[in-house]
Amino acid sequence: MSILIIEAFYGGSHKQLVDLLQEELGDCVVYTLPAKKWHWRARTSALYFSQTIPISEHYRTLFASSVLNLTELAALRPDLGKLKKILYFHENQLIYPVKKCQERDFQYGYNQILSCLVADVVVFNSVFNMESFLTSIGKFMKLIPDHRPKDLESIIRPKCQVIYFPIRFPDVSRLEAVYCGCYPLCPKDLVYPEIFPAEYLYSTPEQLSKRLQNFCKRPDIIRKHLYKGEIAPFSWAALHGKFRSLLTTEPREDL
């Protein structure tokens, strides 16, 4: 097995992607932890996997989600550190919603930044996810009281790319619903503008309310509507080649 997949939080979209890659690519061996106690997975899973994954000369590529502290794993297991290391972001901890900024645990975002520095390739599931992470690094590192590292965004950005989460699962609710004929109505924010055309977006609660009232008065607008956007680029058929190339290509020497 040449592809080593590690998932510290094996549930939801994390599980779905791992299962899909294992099913479709075949040449994989997978190590996981159950999807519970997320904070402890982020803190301690690297040590667990360092003791659990047997040494093998057959591994060529390591694929892990950003829950794993890749830096710790590479240090604890130098044999794994030599592989082509791919870090996949389902979400990022630099902008993950918290009630108060003071409640954000610095360590989780810091771990993700360190993992990016160690990774050969960093993959995000949307442009929004990628840009929100990269452009937040500078501000985030200013939380360090002194002796702050510099230029981290410029170091990490060249190794970043976007590969969308493939449409094949009910959990990708809006895209699946649109594929089945539903009319999308989404906020003009986050990832939605890069997926849906402008006519399916609203900017304010008032705009949303007005659109919904109009649909209630004229349900035929919805029933007869033909979606004007593109679904195909988000399908597994379109993304299969990108994932295969990502997981089977040797790392660049300049990374």
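In this text the structure is predicted, and so the values were computed from the model without any measurement.
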Using side chain to side chain contact (heavy atoms under 4.5 Å, CB included) as the criterion, list what pairs up with [X], not counting sequence neighbours.
| X | value |
| --- | --- |
| W38 | F9, A42, V67, Q93, Y108 |
| K224 | D220 |
| P78 | none |
| E199 | Y183, H225, K228 |

Presence of salt bridge, R43 and E72, under 4.0 angstrom: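 A salt bridge is absent here (no side-chain N lies under 4.0 Å from a carboxylate O).
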Salt-bridged, D120 to K85, with N to O below 4.0 Å?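 The answer is yes: the pair qualifies as a salt bridge.
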Any chance the side chains of E7 and T32 put a donor and an acceptor closer than 3.5 Å?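 E7 vs T32: no donor-acceptor pair found between side chains.
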With no hydrogens and no angle check, just 3.5 Å: does a side-chain donor-acceptor pair link Y164 and E194?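 A donor-acceptor contact under 3.5 Å links the two side chains.
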Walk me through whether D105 and Y110 qualify under side chain to side chain donor-acceptor pair (under 3.5 Å). CA-CA 9 Å; D105 192 315; Y110 184 68; over 6 Å; no
With D189, which residues qualify under salt bridge (charged side-chain N to carboxylate O under 4.0 Å, His left out), at least two apart?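 D189 satisfies salt bridge (charged side-chain N to carboxylate O under 4.0 Å, His left out) with no residue once adjacent residues are dropped.
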Is it true that a side-chain atom of T44 and a backbone atom of W40 form a donor plus acceptor pair closer than 3.5 Å?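 A pair under 3.5 Å: yes.
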May I ask you to decide if N111's main-chain N or O and N69's side chain share a donor-acceptor pair within less than 3.5 Å?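 Side chain of N69 to backbone of N111, a donor-acceptor pair under 3.5 Å: no, none is there.
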Other members of the hydrophobic cluster containing L47, with the 4.5 Å side-chain heavy-atom rule, please.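 The other cluster members (ILVMFWY side chains, heavy atoms under 4.5 Å, direct or chained) are L76.
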For the OG1 atom of T61 and the CD1 atom of I86, what is their distance to the nearest 0.5 Å?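 Answer for the OG1-CD1 pair, T61 versus I86, is 5.5 Å.
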